[in-house]
Amino acid sequence: MSLAERRVEREPTAIDRIPAPVWALAAILLTMPAYANDFILFQVMGWTFILGTIALSLMFLAGYGGMVSLIQMTVAGLAGYMVALFGNSGIESLSLFLPWYVYIPLAIVIAAIFGTIVGALAVRTEGIYTIMITLAIASAFFYFSRQNYSIFNGYTGFNLVIPPDLFGVDWRQPVAFYYLSGGVALLAYLAVVYVSRSPFGLALQGVRDNPRRMAALGFNVTAHRIAAYTFAAVIAAFGGILLVWQNSQISPGTSGIPAVIDILVIAVVGGIGRPIGPFIGALIYVLLRTFSPDVLTALDLSGERFKTVIGLGFLIIVFWSPDGVLGLWDKWRAARDKAEDPLRRRAK
Amino acid sequence: MSFAEPIGQVGSGAALELTNVSKLFGALAAISDVSLSVRPGERRAVLGSNGAGKTTLFNCVTGDFLPTTGTIRLFGEDVTAFPAYERIRRGLRRTYQISLLFGGLTVSDNVYLACRGVSRGRFSLLRPRKGDALAAQTEELIDAVRLTPVRDTKVAELSYGQQRQLEIALALAGAPRFILFDEPAAGLSPTERGELVKILTGLPDHIGFIIIEHDMDVALRVAESVTMMHNGRVFKEGKPEEIEEDPEVQELYLGGGHE
Amino acid sequence: MQGFAARHPFWALVIIVVAAALIWLVFAPWPDALEDLIGRKKVFLNAVIGGITLGALYFLVAAGFTLIFGLMRNVNLAHGSLYLVGGYLGFEVAEATGLWLLAFPVVFVIVGAFGLLLQNQVFRRMEGEELRQTMVTIGISVVMADLMLWIWGAQSYTLITPEWIAGPATLPIISAVKSNGELVYLKFPAVRVAIFFAALVIGVAMWLVLNRTRLGMLVRAGVDDRDMLQASGVRIQYVFLAVFAFGAGLAGMGGIVGGTFQSLTPGEDTRYLLASLVVVIVGGMGSIPGAAIGALIIGLSEQIGVVYAPTYSVVFTFLIMAVVLAFRPQGLLGARL
């Protein structure tokens, strides 16, 4: 107890450094269940946290490692499948009904192994090839899960996959699920921020900027890239487990090609430069998906065309700002700073 | 990793030994049949006009690419087929002629990475703590190359001379036993060259190095022996004064200007 | 070819043995023991020939993709959408005029023109920015997929095969020997045979154009060294436009072919995009012969897989890709990365 107090005394700056908007955001998120309805909590915020977490794993690979991997949704889907397979589902002939403290770690480990194997293949090539190879593997997984009945139960997949009844709480209740998914998303976010400044994270950024030099400093560049896939797979796996609980079912379409592309869209629209980007992207995506049918219908257009809206929005963002919404925000701030202080040199 | 051969106790006792090393790019031989032996602690200058194959030689030694033929032994151990990082972990270091630094990271991050590259915990997910041994080593190195005032500056914002100094700091990280300097003085002012000579001559005695340098003054002040290369081959070897006075060398290199 | 045999005697031998075994399996009557082991020869032959024709279709679609990538380093992930839109348009043309053959030139021109637009308005603006191109073409394919779903709905369309190639064709391949010693020859849908020969003609024609004409020389020079071509004063943008339009038009015609012997539904666009990706990853980026070999391998493995191990046919495709990546990351006939 005294130890903890002393630490707070020694490093008061760490808390001081957190800017006011972050406090405000934290306060809003914490108190949201008090004034938001169940639909907002469960459908909007729950989805934002889940898709944001999966997109965060892509951001980690793309932003820090320079590798745009389209396998993240598949890793998440695999983790979801494993939860249904080892845990509980409505398919009693397949599910093993193991206790939660077995099946959750098991699902994460299997997803991490899968992510690592894909990474080991993908790092043999670079740039655009990485995208193509991960996309091809993702689709192979989709078709395989659709054809295989002994593990993935084919077309139908698994239904009635519900979270364990821990601490007497029904975690699929909107408020409980809001805090659960929000908590996992926050932990994933903090883990990425923390690791980005760890030896591994620094080395990964070194590999991104200058692989040849990293090798000349004694780093095994390939191993670092593969390890990045493993780390990202663990984050994606957490997202996938939440995803299957949110839906209470999982089927091949969960990690089909459109879903894979959605994760890329979310990460890019939000911005792959910083860990907060994917969550911004996820919020925008979920809001568009949830409300654009209404808006479109109000404008006398078919409400089913929200994909076109999202696609066009994505196109505009990519054309205008390769760094996503965060990039737009940075540009706006730079422009404002310049306007305020004409003597200042142009920000680089 | 092979521990079967105790490092430095096998072979001729040379720190670096090249036997008949050639490197072909298609039909073009960048270096051909180069044999070279450098004692531990020896300081060697490699001279030669542009295109003589000096940087290719370095790239073969560090493992940036594999030689077409020939063997490379480092402290007695055959490292010809080793990846670059394994050679670095055996005490080999190099600097680059073109700046190959991490522009987006700070000076201390750059040096920290270099220290981390040759120590354990490269994959650690835990952030270093303040009193970390590597952090202390990092500070020491930054101080040794006189970059302490800019330690938290992003490398892209450093001056050219400071970037060259940082290059040297990266090569000194860990426990180097043999260093390859690729034109460290290129583009430096006379004062900065003086600093560089001080850093190089001030290196601990057990650290040997090869220096590629166009500035004869710098090269001959820090080196105790000289290898002349011409058209990808070793052309002459000897003491600096012998080389300086050799008529053939003078005709080829010194007399005819640098190109 | 001789160079390959000299450099890799072992692999040359393996290739020869595999090819000889395949030829024997196809042409020789099977002994009973073999039929007991893996089933009737007719089934196998149908799988092989089905695989070859599927490979021909994959080649039609992937050839444009690989040519565009090889020459311009343009990554067009909307290639599958060009395939599908070509198929739908071909259906409309054939339906309206009743002329199946007419659909080909019409679709080639329309989809080719759309390709011109893409190259001129999208790719030229972001030359060299592979990642942005990828993103933009993904965006385009998302929008196109949704618009096509809007126009043509979710039902499946099949182009009706014209009568003159509707029936079965008898191939000079023995499928079985009757008990009375009479030879039974293999019958196979004529339209598929026609597709195979069409792909063959197009492939050979592309090869001839690339290797025997001035335009082909320019394109090949561009694949090898773009900067040089640019510096030599050739109006490289025109070459780029022509190649892009041709590749797009080919994908569109592929849509008609696919719509004739399979069907057109939403989702086929990604399927053919992925097939193209796998084909060029296996065959090697930017290589036309590579695309042909890759398409053949993938088509065969898919069809043989579907017949003999239905659950795992996708896994075969994937395994082939993984093996190629592990041992030859640049693809079978690709230049070194």
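The chains referred to below are lettered A, B, ... by the order of the sequence lines, with proteins before strands, and numbering in each begins at 1. Bear in mind the structure is a predicted one, so any value in this text is a computation, not a measurement.
When side chains are defined from C-beta on, C:L274 counts as touching A:I257, because their heavy atoms get closer than 4.5 Å.
Among C:L149, C:V143, C:V142, the single residue meeting the side-chain contact (heavy atoms from CB on, under 4.5 Å) criterion with A:T308 is C:V143.
Taken from CG in C:L77 to CG in A:L135, the straight-line distance is 7.0 Å, to the nearest 0.5 Å.
Here the shortest heavy-atom pairing between A:A136 and C:V278 reads CB-CG2, 4.0 Å. For the pair A:I131 and C:T134, the tightest heavy-atom approach, listed with the atom from each and the gap, is CD1-CG2, 3.7 Å. The minimum heavy-atom distance linking C:M135 with A:F314 is given by the pair O-CE2, 3.0 Å.
Neither the backbone nor the side chain of C:M144 has a heavy atom closer than 4.5 Å to any heavy atom of chain A. Contact of C:R271 with chain A is made through backbone and side chain together, with heavy-atom distances under 4.5 Å. Within the 4.5 angstrom heavy-atom criterion, atoms from both the backbone and the side chain of A:V318 approach chain C. Using a 4.5 Å cut-off between heavy atoms, C:V136 touches chain A through backbone and side chain atoms alike. Residue C:M321 touches chain A through its side chain alone, counting heavy-atom pairs closer than 4.5 Å. Residue A:L264 touches chain C through its side chain alone, counting heavy-atom pairs closer than 4.5 Å. For A:L312, the parts lying near chain C are the backbone and the side chain together; criterion is any non-hydrogen pair under 4.5 Å.
Using a 4.5 Å heavy-atom cut-off against chain C, the contacting residues of residues 111-122 of chain A are A:L121. Taking 4.5 Å as the heavy-atom cut-off, the residues of residues 137-153 of chain A that approach chain C are A:I137, A:S139, A:A140, A:Y143, A:F144, A:Q147, A:N148, ordered by number.
Atom OH of A:Y155 sits in a sparse spot, with 12 or fewer heavy atoms from other residues, nucleotides or ligands closer than 6.0 Å.
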